[in-house]
Amino acid sequence: MDAALADAPVTAQQVLRTVFGYGAFRGQQQAIVEHAIDGGDALVLMPTGGGKSLCYQVPAIVRHARGQGVAVVVSPLIALMHDQVGALEELGVHAAFLNSTLEGDEARRVERELLSGRLVLLSAAPERILTPRFLAMLDSLHERGALSLFAIDEAHCVSQWGHDFREEYLGLSLLHERYADVPRLALTATADAHTRADIQARLQLQAARVFVASFDRANIRYTIVEKTDPRQQLLRFLREEHDGDAGIVYCQTRRKVEETADWLAAQGLAALPYHAGLDAGQRRRNQERFLREEGLVMVATIAFGMGIDKPDVRFVAHLDLPKNIEGYYQETGRAGRDGMPADAWMAYGLADVVNQRRMIDDSEAEEDFKRLQRGKLDALLALAEAHDCRRVRLLAYFGETYAPAGDAGRPHSNCGNCDNCLHPPQSWDATEAARKALSCIYRFQQQHGFGFGAGHLIDVLRGKSTDKVLQRGHERLSTFGIGTDLGEAQWRGVLRQLLAAGHIRSVGEYNTLELAESARAVLRGEVPIHLRVAAEAPARPGRAARGTLRGSGARPAAPPLALDEAGLARFAALKAWRGEVAREHNLPAYIVFHDATLAEMAREQPTTLQALAAIGGVGEKKLAAYGEQILRVLAARSQSS
Ligand code: ADP
Ligand code: ZN
């Protein structure tokens, strides 16, 4: 802690301004921070990018300055501790971490620092905290009144309900039993009620105040396209919308990850693979490069993701359907943590529905669990097939009514920043087409006692006399050739949507299609079916045409960052400077300054230190360390232009 800050009394507001360089708290941050400073326990539910770290960092700094000792942050994300601590040191906050990556000597040095009372914040993995050695140190700090608070990050890891369960997290209730008077903050971006109840029970936080932020990620634009030629669709999306941007492409299998990464690289994109089958060294190197270099595309299975808190991930693309809305929300949530415009893009088709259903059917799980998984998949399919606002549906799934800030809490039905709101889809009356498909399946089942796959079904509907059709005598079926009015792609769309709605299901090894109970009513014409018109979304103007750093006018929810050509050149010069500093300090560039901060500098062109200090994200320490250099970079640009 800098000497200047050590002069009490220090307030949360001062710390926010002088240490972090931010003008105002966001949402509930202030209430949470004040509650913790006053010694209260809290459970904080906030989406990714919502600003959870500040919720414990500010109280840690304030309480330390008031002589209340060190904050201990529990985190499972060992790989990120180095960078997170580096970021705090960049801000002038004395912090350290303890985990298995430290050599004995270094670990002992950190322990001495901890016991000395100089540390403001210590990050440690849960297994480390629960060792007798570490607990003895906590005891000693506690006796001296030098434990300021515990922050339990990624608190959903304590719940078996979620997918990130960590055995060691269960042991953390001990912190409460041993140090009942030390305030605890548990933080997570996992929203569902079941996980929340688990966290409260298992960490003994029943009496804690619960803060639930809105889970809307206003800067993320949701787009779900019909899968026609996925690689080309992806390539077009990357080239037209995200040239030179960092982002993640999720695929379901390791093989697809490798093939897609190779293919993108062959198209000239900087793409790297990541999946659990790569050896640990390779995985670490690829992750490290993604964090440190700019503009890399990571093609990955969902093994990649937890704790990727790189703020400038500009897009998350899904080439395969996630398992459920929780997964979709969590994966897409890795985009745009810095609050600048970002895309969540997914290509989805018939095979996705079939595969995901198959995976559930084939799993070894109990029937109850399978039923739950099917229900969750159905909710995701309904989102994918929706004609109305994706954001409204997404939030509704988490029990939230979409009521954007700034409109007195009034609910909205149109977010203006998803594909369906921006380009409302056309729909067509597909009742007849659906009945044709269903009656064809019915004939199959009647004749053979089983169904056939989508490809064959479509051939019969379209009246194609393939070998298989002739072999089976299907050219004699009354449904042969009744669907020549629709193309193959349209039929696939019809089948996909019937599958998604649960009127048909795919079964067995060959994914044959069979009627579900609800098909009867459709066959009788009692259920009208309206389908979206299978069409690519109209091409959006490319980045150049939009003329700005992606955004301003074109993206209503995004912070205004309009930069003209000279501004973009200044922005580029600042980024180049930042790259050098980051390399020198062995830290990711965004830890030196965020894109948003550099963009604001490029726009405002401050010429004095005082003016520079007013830019969001420039605190006292960074102003002192880098202020003169930044002014020189800006001055050089203004002379050269
Ligand atoms: P989370 O952990 O909830 O995903 P972070 O704590 O990483 O989110 O914060 C996301 C980003 O928002 C960070 O870049 C952080 O610096 C920024 N941020 C947080 N609070 C504020 C604030 N009050 N004003 C401006 N930026 C903020
Ligand atoms: Zn919308």
Side-chain angles (χ1 to χ4, degrees), residues 1-7 9-30 32-34 37 49-65 71 83-95 120-121 219 309-312 336-340 549 558-561 563 570-571 574-575 577-579 581-582 585 587-634:
M1 183 89 292
D2 283 349
L5 261 170
D7 301 332
V10 178
T11 66
Q13 200 67 45
Q14 280 170 334
V15 168
L16 183 72
R17 222 180 28 248
T18 58
V19 178
F20 294 90
Y22 295 141
F25 283 109
R26 273 191 200 154
Q28 306 201 60
Q29 276 177 336
Q30 181 157 8
I32 298 165
V33 160
E34 282 172 0
I37 290 173
K52 283 185 288 299
S53 332
L54 232 62
C55 294
Y56 57 81
Q57 288 169 347
V58 171
I61 296 167
V62 171
R63 284 175 73 91
H64 186 266
D83 289 352
Q84 283 164 346
V85 160
L88 284 170
E89 291 279 345
E90 280 286 311
L91 294 171
V93 179
H94 190 27
V120 177
L121 185 150
N219 61 315
D309 64 356
K310 181 175 166 66
D312 55 354
R337 290 173 89 115
D338 55 7
M340 300 205 352
L549 191 72
L561 275 173
L563 288 174
R570 286 190 292 275
F571 182 61
L574 288 166
K575 273 175 114 172
W577 165 80
R578 177 181 69 178
V581 175
H585 295 211
L587 286 171
Y590 58 79
I591 284 180
V592 180
F593 283 114
H594 282 183
D595 281 1
T597 300
L598 294 190
E600 198 180 329
M601 290 175 187
R603 196 182 59 226
E604 300 299 325
Q605 303 183 63
T607 53
T608 63
L609 286 175
Q610 200 189 2
L612 186 57
I615 304 274
V618 183
E620 283 179 351
K621 168 85 190 292
K622 287 187 180 175
L623 185 70
Y626 305 124
E628 298 288 352
Q629 295 178 43
I630 293 165
L631 294 180
R632 272 201 296 279
V633 173
L634 287 171

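Residue indices begin at 1 and follow the sequence shown.
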Asker: Nearest 0.5 Å please: distance from the CZ atom of Arg603 over to the CG atom of Leu563.
Answerer: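 Here the rounded value is 7.0 Å.
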
Asker: Does a side-chain heavy-atom distance below 4.5 Å link Met601 with Leu598?
Answerer: yes

Asker: What's the spacing between Met340 CE and Asp312 CG if we round to 0.5 Å?
Answerer: 8.5 Å

Asker: Any side-chain hydrogen bond (donor to acceptor under 3.5 Å, both in side chains) pairs touching residues 19-28, not counting sequence neighbours?
Answerer: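 Matches after skipping sequence neighbours: none remain.
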
Asker: Is any side-chain heavy atom of Val62 less than 4.5 Å from a side-chain heavy atom of Thr11?
Answerer: no

Asker: To the nearest 0.5 Å, what is the distance between CD (Gln30) and CG (Leu16)?
Answerer: 8.5 Å

Asker: Calculate, to the nearest 0.5 Å, the distance between atoms CG and CD1 belonging to Leu88 and Ile61 respectively.
Answerer: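 The CG atom of Leu88 sits 7.0 Å away from the CD1 atom of Ile61.
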
Asker: Can you find a pair of side-chain heavy atoms, one from Ile615 and one from Phe593, that are under 4.5 Å apart?
Answerer: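 No. Closest side-chain heavy atoms not under 4.5 Å.
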
Asker: Using atom types as modelled, flag every donor-acceptor pair under 3.5 Å from a side chain in residues 622-629 to any protein atom, sequence neighbours excluded.
Answerer:
from	atom 1	to	atom 2	distance (Å)
Lys622	NZ	Ile591	O	2.9
Lys622	NZ	Val592	O	2.9
Tyr626	OH	Glu90	OE1	2.7
Tyr626	OH	Glu90	OE2	3.3
Gln629	OE1	Trp577	NE1	2.8

Asker: Using side-chain contact (heavy atoms from CB on, under 4.5 Å) as the criterion, list what pairs up with Leu631, not counting sequence neighbours.
Answerer: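 Result, side-chain contact (heavy atoms from CB on, under 4.5 Å) vs Leu631: Leu609, Leu612.
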
Asker: Specify the closest pair of heavy atoms between Gly617 and Thr597, including all atoms of both residues, with the distance to one decimal.
Answerer: CA-OG1, 3.9 Å

Asker: Quick check: do Tyr590 and Asp595 have side-chain heavy atoms less than 4.5 Å from each other?
Answerer: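 With C-beta onward as the side chain, the pair stays apart.
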
Asker: Taking side chain to side chain donor-acceptor pair (under 3.5 Å) as the definition, give me every residue that meets it alongside Glu89, ordered by chain and number, with sequence neighbours left out.
Answerer: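 If we apply the side chain to side chain donor-acceptor pair (under 3.5 Å) test to Glu89, skipping adjacent residues, the hits are His94.
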
Asker: By side-chain contact (heavy atoms from CB on, under 4.5 Å), which residues pair with Ala589, not counting sequence neighbours?
Answerer: Glu294, Arg578, Ala582

Asker: Distance from Leu121 atom CG to Gln84 atom CD, nearest 0.5 Å?
Answerer: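 Atom-to-atom, Leu121:CG and Gln84:CD are 9.5 Å apart.
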
Asker: Calculate, to the nearest 0.5 Å, the distance between atoms CG and CD1 belonging to Leu54 and Ile32 respectively.
Answerer: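 Between Leu54 CG and Ile32 CD1, I get 10.0 Å after rounding to 0.5 Å.
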
Asker: Looking at every heavy atom in both Cys55 and Gln29, which two are closest together, and how far apart are they?
Answerer: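 Nearest pair, atom of Cys55 first, then Gln29: SG-CG, 3.9 Å.
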
Asker: Could you pull out all residues at least two apart from Ser53 that satisfy side-chain contact (heavy atoms from CB on, under 4.5 Å)?
Answerer: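 Here the qualifying residues are Tyr56, Gln57.
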
